[in-house]
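Scope of the values below: all heavy atoms of this structure, side chains included, with no hydrogens, waters or symmetry mates. Below, chains carry the letters A, B, ... as their sequence lines are ordered, and counting in each starts from 1.
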2 protein chains.
Amino acid sequence: MTNIESMRATRAPLTRERVLAAAVALADAEGIAAVTMRRVAGELGVEAMSLYHHLPGKADLLDGLVDVVAAEVATEIAGRDLPAEDWRAEVSARCLTARTVMLRHPWAPGLMGSRSTVPPVVYGLYEGVVGAMVRGGLSYRLAHRALHALGSMVLGFTQEVFRPAEAGGSLEPELAEAGLAAIVDALPYTAAMITTEMHDATDPVLGWCDSQTEFEFTLDLLLDGLERARA
Amino acid sequence: MTNIESMRATRAPLTRERVLAAAVALADAEGIAAVTMRRVAGELGVEAMSLYHHLPGKADLLDGLVDVVAAEVATEIAGRDLPAEDWRAEVSARCLTARTVMLRHPWAPGLMGSRSTVPPVVYGLYEGVVGAMVRGGLSYRLAHRALHALGSMVLGFTQEVFRPAEAGGSLEPELAEAGLAAIVDALPYTAAMITTEMHDATDPVLGWCDSQTEFEFTLDLLLDGLERARA
DNA sequence: ACCTGAACACCGTTCAAGT
DNA sequence: ACCTGAACACCGTTCAAGT
C-alpha cells in the first residue's frame, strides 16, 4: 500500500506539458508517424485513453507540437544578443536561429504546413521579424512580402531538394543503382553540375550538398534584394 | 451471364495508371489523408486487396502520386513556348508553371518533402532549369545554389505562412475570436502591417494575402540576385 | 479527478482461397 | 492472372466502469 503510494508519487502526474514533451521526443527519435496516441501513452507508462484527460484529441496534440517548437525558437532568440542596430543582421540572426531549431526537429516544418491554424507563438516570431524590418526602414508592404519569402524558405529548406526525408541518404547509391551512364546521357547539365560540385566540395564525406551553405546563400540573396528594394 | 460479361467489359481493367489517377482525384477532392488503400479501391469499385496486384504497397502509391504531379509539370512545360534567349525569363516560366500545378494539387509539396527518394521525372525538371541557367552564363556552383533556392520556394510557398492547410480560412475570424485589441497590444508591428495591407489590398474579398503576387515578388528577388551574382 | 477495459469503426498488409 | 474474404496487428475515439 505504501509501496504503491510511493510509486505513484515518483511517477510525476500526467500534464499537457509532459504529454507534449514525450511526443516531441518520440517524433525526434522515430519520426512524426510514430506519434500515435497509443505510442505516446506507452512512453509515459500509461494507457492511450488517459491522454484524453489532458488533451481533447490527436489534432490538439499535433497543434501542441507546433507550439512547443515555436516556443523553442522564441526561447533561443530571447537568449541571443541580436544586433539591433542593423536590420539585415537582426533578421538574419532570427532566421538562422529558427533554422537550427527546425534541424533539431525535422518533422516540424511539414507539420506546421499541415495544421489549419497558426498558433499565437508563431505570430510572436513574425512580430520580431516585422519589427526589425520596419525599424530598419522597410515599408509594411515590403515587410509583408519579406515575411512570406523568409518564412517559406525557413520551412521549405528542411524539405531537401535532392535527398528529402531522412537526411541520411546520399545521392550516390541512387545514381549507381539507376546506372550513371544513362543519367549522364539524359541529364547532361545535371550530371556536369553534380560532378563539378563534388570535385569542388571542401568535405567530400559530407556529400556534395551542404544545405547550411545553401541556406545562408539564399538568405543573403533575399536580404540583399530587400535592402535594395528598401532604398 | 452475358450481362455480367458486358459489365466486366465496360469496367476497364485495373492498371497502375488507373489506380494512381483515382488516388490523385481523391487527394484533390478530400486531401491526402483520404488516400487510403481501402478508399482508393472503393473509388474504383474494387476491394483494397486488388490494388496489391498493381502496386507493391502504399509507399509506392504515394511515390506514384509524386510521379504523376511531376509528370504533369513536365507536360505543362513542354506545351509552352519558353523564351529560350533569356535565361531569367525561361527559369521564371518554369517555376511559375510548376507553381500552377502545385496549386492544383496542394497536397503535393508536402508529399514530395516526405518521400525518401527523388523520382526520375523530378530530376528531369531540374535538368531543364539547370540547363537554362548554365546556357545563360551561370556557373555550375551558382546554378546548384539557385536550384535549392528556387526548389524550396516552389515547394514552400504552398505551405502558407498565415493560413496554412485549407486555403479556405481567412485570418479575420481568428483575430476576432482571440480579441483584436489584445493582439494589437502584443503584436503592434504585425497589427500595423495587417491593417495597412488590408487597406491597400486591391481585392478586399480575396483577403490581405495575395500569394501569387508574393510568389512572383520572391521569384524576382531571387532571379535579380542570381543575375547580379552571375556578372 | 484521474485512469482503465472493452468496444467501434477504421488503417495496411498477409495468406489461402476462389474464378 | 486477377480478384476476394477472413484474419492480424495496428489506428483514434467513445463510453461505462473502476479508484
For the atom pair CG (B/Leu44) and OG (B/Ser50), what is the distance rounded to the nearest 0.5 Å?
9.5 Å
Give none if C/dA6 has no partner; otherwise give the nucleotide forming a Watson-Crick or G-U wobble pair with it, both distances under 3.5 Å.
D/dT14
Rounding to a whole Å, what distance do you find between [X]:[atom1] and [N]:[atom2]?
{"X": "B/Leu55", "N": "D/dC2", "atom1": "CG", "atom2": "P", "answer": "13 Å"}
{"X": "B/Glu47", "N": "C/dT13", "atom1": "CD", "atom2": "P", "answer": "16 Å"}
{"X": "B/Met49", "N": "C/dT14", "atom1": "CE", "atom2": "C1'", "answer": "10 Å"}
{"X": "B/Leu51", "N": "D/dA1", "atom1": "CG", "atom2": "P", "answer": "19 Å"}
{"X": "B/Arg39", "N": "D/dC11", "atom1": "CZ", "atom2": "P", "answer": "22 Å"}
{"X": "A/His53", "N": "D/dC15", "atom1": "NE2", "atom2": "C1'", "answer": "11 Å"}
{"X": "B/Lys58", "N": "D/dC11", "atom1": "NZ", "atom2": "P", "answer": "14 Å"}
{"X": "A/Glu30", "N": "D/dC10", "atom1": "CD", "atom2": "C1'", "answer": "15 Å"}

Establish, from distance only, whether the side-chain atoms of B/Arg80 and B/Thr97 form a donor-acceptor pair under 3.5 Å.
yes
For a quick check under 3.5 Å, do B/His54 and B/Glu17 share a side-chain donor-acceptor pair by atom type?
no
Would you kindly compare A/Arg38 and A/Ala48 by the position of their nearest DNA chain C nucleotide and give the one closer to the 5′ end?
A/Ala48
If the cut-off is 4.0 Å, is [X] near the phosphate of [N], judged by side-chain N/O to OP1 or OP2?
{"X": "B/His54", "N": "D/dC3", "answer": "yes"}
{"X": "A/Tyr52", "N": "D/dT13", "answer": "yes"}
{"X": "A/Ser50", "N": "C/dC2", "answer": "no"}

Between C/dG12, C/dA7, D/dC3, spot the one nearest the side chain of B/Leu14, thanks.
D/dC3
Any side-chain heavy atom of B/Glu30 within less than 4.5 Å of one from B/Arg39?
yes
Select base, sugar-phosphate, or nothing to describe what B/Met37 touches, counting heavy atoms under 4.0 Å on all strands.
sugar-phosphate
Aromatic plane relationship, B/Tyr126 with B/Tyr123 - under 30° parallel, 30 to 60° tilted, over 60° perpendicular
perpendicular
